[in-house]
Amino acid sequence: MREGYEGTGPGAITPDGCAVELYSRLPAGDEPDVVTAAAPVGASILELGSGVGRMTHPLLERGFTVTAVDESPDMLARVRGARTICGAIEDLDLGETFDVVMLASFLVHAGDAEVRRGMLRTCARHVADGGCVLIQREGADYHTDLPRERVDPSGFTVRIVSADPVGDGVHSVRAEYEFPDAVWTQTFLSRPLTTEQFEEALGEAGLRVDKYLTPDGIWVRAVRDPESGGQGD
C-alpha cells in the first residue's frame with residue numbers, strides 16, 4: 001500500500017486504497033453525459049485512471065473509441081471492449097495522440113505535486129492538435145462541512161468522514177461506502193487547489209482552461225496553450 005493510502009472491505013485493494021469490487025458497483029452517474037457533450041462525435045479518448053471501466057463502458061456505448069489506462073491490473077481486468085494499458089499515468093508515453101484526454105476521479109488533486117505535474121504533462125503530451133483535455137476537479141466544499149453523507153438512488157450511502165491536514169497543503173481524506181451487504185473505506189491524500197492554483201498547474205504543463213463545463217466548476221475542458229512556457233513533452 002502506498003504511504004498515506006489505505007482501503008478496507010471485501011476483495012482486492014489497489015495501492016491507492018481503491019477497492020475493485022466497490023468501484024465495480026459504483027454507478028457512472030451523469031459524468032459520461034458531461035464528457036459526451038464536450039467531446040467530438042466518435043472521438044478517440046485516452047482515459048487516464050479508468051479503474052474498472054465505470055465511465056469507459058458508457059462512453060463505448062456512445063460510440064467513442066477508448067484507450068483505458070490504470071496502474072491496477074485487477075481494475076483493468078474488469079474493463080470490456082476497450083484497449084487497456086497498465087501503468088502509472090505520470091510515466092505514460094504512448095507515442096500517439098487522441099482527440100480527448102480524460103483525467104477524472106479528482107486525480108489532478110494528487111497529494112504529491114510532482115505526480116500531479118507528471119499527470120498533466122501526460123495529458124498535454126497525448127492530446128492531438130485541436131483536441132482537448134477533460135479534467136474533473138474537487139467541489140468547492142470537498143474538504144469542509146464534514147462529515148457529510150449522500151444516499152445514492154441505487155441504494156448505498158457514501159460518507160466523506162474527514163479531511164485532516166498532514167502538512168504541505170495536503171489533506172488525508174477518509175471516505176466510507178455502505179451497501180446493504182458490505183462496507184468499504186478508503187483513506188487517501190488530496191491537495192486542495194483554488195481555481196487560481198489549478199489554472200497555474202495547467203499552465204506549467206502547457207495547458208489552459210477553455211471552458212468550465214459545469215456550473216460548480218468540477219468538470220473543465222482544457223486545451224494546449226501555445227503561449228505557455230510549460231512543456232507537455
Side-chain angles (χ1 to χ4, degrees), residues 1-2 4-5 7 12-29 31-32 34-35 38-39 43-60 64-94 98-127 131-139 142 173 175 177 184 186-191 193 198 201-202 205 207 218-222 232:
M1 193 65 59
R2 192 170 294 131
Y5 294 76
I13 307 290
T14 66
D16 60 354
C18 295
V20 175
E21 181 60 34
L22 165 64
Y23 278 83
S24 296
R25 296 186 181 201
L26 295 180
E31 293 169 0
V34 174
V35 173
S44 60
I45 297 178
L46 177 63
E47 184 185 5
L48 301 174
S50 66
V52 297
R54 183 177 63 89
M55 291 182 64
T56 315
H57 299 137
L59 292 174
L60 289 169
F64 297 106
T65 301
V66 182
T67 296
V69 177
D70 202 276
E71 69 173 358
S72 168
D74 292 321
M75 289 283 195
L76 288 177
R78 306 286 183 110
V79 175
R80 298 287 181 267
R83 170 192 179 194
T84 59
I85 296 172
C86 188
I89 295 169
E90 60 269 27
D91 299 328
L92 189 71
D93 189 352
L94 299 180
F98 299 79
D99 300 321
V100 177
V101 179
M102 188 166 67
L103 187 68
S105 302
F106 312 127
L107 290 174
V108 74
H109 293 276
D112 187 330
E114 284 305 313
V115 170
R116 180 198 68 215
R117 292 184 181 104
M119 288 181 173
L120 290 174
R121 285 194 297 265
T122 292
C123 291
R125 182 162 54 241
H126 290 90
V127 66
C132 66
V133 179
L134 303 181
I135 301 171
Q136 185 182 27
R137 305 168 61 215
E138 293 175 345
Y142 192 83
V173 180
Y177 300 83
W184 285 272
Q186 183 179 6
T187 301
F188 57 94
L189 299 180
S190 177
R191 181 182 296 274
L193 297 171
F198 169 71
L202 291 184
L207 299 169
I218 288 177
W219 278 95
V220 184
R221 183 171 60 209

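We count residues from 1, following the sequence as given.
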Query raised in the report: Less than 4.5 Å apart, any side-chain heavy atom of Leu120 and any of Ile135?
Result: yes

Query - Which atom of Leu107 lies closest to which atom of Met119, heavy atoms considered - result: O-SD, 3.6 Å

Report summary line: Applied to residues 84-94, the side chain to side chain donor-acceptor pair (under 3.5 Å) test, sequence neighbours excluded, yields none

Query raised in the report: Does Glu138 offer a backbone N or O that forms a donor-acceptor pair with the side chain of His109 under 3.5 Å?
Result: yes

Query raised in the report: Does Arg221 have any salt bridge (Lys or Arg N to Asp or Glu O under 4.0 Å) partners at least two apart in sequence or in another chain, and if so, which?
Result: Asp210

Report summary line: Interatomic distance, CG@Leu76 vs CG@Asp70, rounded to 0.5 Å, equals 5.0 Å

Query raised in the report: Got a sec, which residues hit side chain to side chain contact (heavy atoms under 4.5 Å, CB included) with Pro32, two or more places apart in sequence or on another chain?
Result: Ala28, Pro58, Leu59, Arg62

Report summary line: Residues passing the salt bridge (Lys or Arg N to Asp or Glu O under 4.0 Å) test with Glu31, sequence neighbours excluded, are Arg54

Report summary line: Closest heavy-atom pair, Cys123 versus Leu207, reported as atoms and distance to 0.1 Å, is CB-CD1, 4.4 Å

Report task. Would you indicate whether the side-chain heavy atoms of Val220 and Arg137 approach each other to under 4.5 Å? Result -> yes

Requested in this report: Return the set of residues passing side chain to side chain contact (heavy atoms under 4.5 Å, CB included) with Pro73 (not counting sequence neighbours), or none when no residue passes.
Outcome: Cys86

Can you give each donor-acceptor pair under 3.5 Å made by side-chain atoms of residues 43-51, sequence neighbours left out, with the distance rounded to 0.1 Å?
unit_1, atom_1, unit_2, atom_2, d
Ser44, OG, Asp99, N, 3.0
Ser44, OG, Asp99, OD2, 3.2
Glu47, OE1, Thr56, OG1, 2.5

Query raised in the report: What's the verdict on side-chain contact (heavy atoms from CB on, under 4.5 Å) for Ile218 and Gln136, showing C-alpha distance, side-chain angles and the deciding distance?
Result: CA-CA 5 Å; Ile218 288 177; Gln136 185 182 27; 3.7 Å; yes

Report summary line: Sorted by chain and residue number, the ring-ring contact (aromatic ring centres under 6.0 Å, His included) partners of Phe106 (sequence neighbours excluded) come out as Tyr142

**Report entry** Set of salt bridge (Lys or Arg N to Asp or Glu O under 4.0 Å) partners for Arg25, sequence neighbours left out
**Finding:** Glu21, Asp181

Report summary line: Heavy atoms of Val173 and Ser190 approach each other most closely as CG2-CB, 4.0 Å

Query raised in the report: Hey, is the main chain of Ala88 close enough, under 3.5 Å, to the side chain of Glu71 for a donor-acceptor pair?
Result: no

Report task. Say whether, by atom type as modelled, one donor and one acceptor occur between the side chain of Ser72 and the main chain of Asp74 under 3.5 angstrom. Result -> yes

Query raised in the report: Closest heavy-atom contact between Arg80 and His57?
Result: N-NE2, 2.9 Å

Query raised in the report: Do Thr14 and Asp16 have side-chain atoms, one donor and one acceptor, less than 3.5 Å apart?
Result: yes

Report task. Could you tell me which residues satisfy side chain to side chain donor-acceptor pair (under 3.5 Å) with Tyr23, sequence neighbours excluded, listed by chain and number? Result -> Gln186

Report task. Sequence neighbours left out, what passes side chain to side chain contact (heavy atoms under 4.5 Å, CB included) with Val34? Give chain and number order. Result -> Leu213, Thr214, Trp219

Requested in this report: State which residues pass salt bridge (Lys or Arg N to Asp or Glu O under 4.0 Å) with Arg117; sequence neighbours excluded, sorted by chain then number.
Outcome: Glu114, Glu204

Report task. For Phe64 and Ala39, work out which heavy atoms get closest and say how close. Result -> CE2-CB, 3.9 Å

Report summary line: Ile13 and Met1 have their tightest heavy-atom pair at CG2-CE, 3.7 Å

Query raised in the report: Counting distance only, does the side-chain N/O of Arg191 pair as donor-acceptor with the main-chain N or O of Gly111 below 3.5 Å?
Result: yes

Query raised in the report: Who are the side chain to side chain contact (heavy atoms under 4.5 Å, CB included) partners of Ser24, not counting sequence neighbours?
Result: Val20, Val52, Arg78

